[in-house]
Amino acid sequence: MSPRLKRSFFTDSAVKAAREMLGKYIIHLDNGLKLSGRIVETESYMGPEDKASHSYNWRKTRRNKVEYLIGGHIYIYIVYGMYWQLNITTGKEGMPQCVLIRAVEPVEGIEEMMKRRKTSLLLNLTSGPGKLCQAFGFDKSHYGLDITRSSQVWLEDRREKIPRNEIVRTERVGIDYAEEWAHKLWRFYLKSSPFVSKRL
DNA sequence: GTACAGATTGAG
DNA sequence: TCAATCTGTACT
């Protein structure tokens, strides 16, 4: 049985999918080069009801239109003019929610990641949303990709059991403008992972 | 056409 | 603590 996560995983709500994504693996086959990592930090963006979300109040623009696709597509965009943010859409078609992958633990392709990140410090390769995109080479060329079918990018379940007390649930990072939504506990990370971007 | 903020990072 | 850097979005 293939360990690849299939559609049903991504049609859950973003909060549930974000929590379940911890301990799963992300794989990028980059021109024959295999890069992979274990997901250790995620955030959920709940769409129309969530002021921090690009699709708050059903907003739909050229940038975020793929959020409206069925769960399992890549929504990637740039922030601060220089960093990519990798999101996976969730929910059924027409429901614009997504999960932001904020940090992974590097597994395969570490040498290449070090080149791309210009550092030999393991801890600095993928411990943040912008960092991991640079290490993995994720950019606009992956916009809208269906990760349940793509031969370039997918997620795998390697059957790791995550104990309940390993999962920390906190407020999201960098969205102070979002009023009461800024306080929703929609960020998840693995307590014992040194690759988590920020501790509160 | 113009203005401006931003789901970050790394250097000082 | 703060600058880098530029696209998306709203507004004129």
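None of the values given here were measured: they were computed from a predicted structure. Atoms considered below: every heavy atom in the structure, side chains included; atoms not considered: hydrogens, waters and symmetry mates.
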**Q** Could you check whether A:Leu100 gets within reach of a base, just the sugar-phosphate, or nothing at all, counting any heavy atom under 4.0 Å?
**A** base
**Q** A:Trp154 and A:Leu145: same hydrophobic cluster, using ILVMFWY side-chain contacts below 4.5 Å?
**A** no
**Q** Regarding A:Arg172 and the six-membered ring of A:Tyr45, is the cationic atom NZ or CZ under 6.0 Å from the ring centre and inside 45° of its axis?
**A** yes
**Q** If we call it a pair only when both distances are under 3.5 Å in a Watson-Crick or G-U wobble match, what pairs with B:dA5?
**A** C:dT7
**Q** Tell me whether A:Glu156 is salt-bridged to A:Arg158, with the criterion being a basic N under 4.0 Å from an acidic carboxylate O.
**A** yes
**Q** For A:Gln134 and for A:Gly81, find the nucleotide of DNA chain B with the closest heavy atom, then tell me which residue's nucleotide is more 5'.
**A** A:Gly81
**Q** Test of understanding: clusters of I, L, V, M, F, W, Y form through side-chain heavy atoms closer than 4.5 Å, transitively. Do A:Leu22 and A:Phe9 belong to the same one?
**A** yes
**Q** Between A:Trp58 and A:Tyr68, what is the ring plane arrangement, given parallel below 30°, perpendicular above 60°, and tilted in between?
**A** tilted
**Q** Within the 4.0 Å heavy-atom criterion, would you say A:Asp176 contacts the bases, only the backbone, or no part of the nucleic acid?
**A** nothing
**Q** Between A:Glu41 and A:Ser197, is a side-chain hydrogen bond (donor to acceptor under 3.5 Å, both in side chains) present by the stated rule, with each step listed?
**A** CA-CA 8 Å; A:Glu41 180 184 350; A:Ser197 67; 2.9 Å; yes
**Q** Counting only non-hydrogen atoms, which of residues 42-73 of chain A are less than 4.0 Å from DNA chain C?
**A** A:Arg59, A:Thr61, A:Arg62, A:Arg63
**Q** Take atom CD1 of A:Ile76 and atom C1' of C:dT7, then tell me their distance rounded to the nearest Å.
**A** 14 Å
**Q** Please find the earliest and latest nucleotides of DNA chain B, in the 5' to 3' direction, that have an atom within less than 4.0 Å of any heavy atom of chain A.
**A** B:dG6 to B:dG10
**Q** Assign each of A:Tyr177 and A:Lys131 to its nearest nucleotide of DNA chain B by heavy atoms, then name whichever residue's nucleotide is nearer the 5' end.
**A** A:Tyr177
**Q** Quick one about A:Arg116 and A:Gln134 (side-chain donor to acceptor, distance below 3.5 Å, no hydrogens or angles considered), yes or no?
**A** no
**Q** How are the rings of A:His142 and A:Phe138 set to each other: parallel, tilted or perpendicular (split at 30° and 60°)?
**A** perpendicular
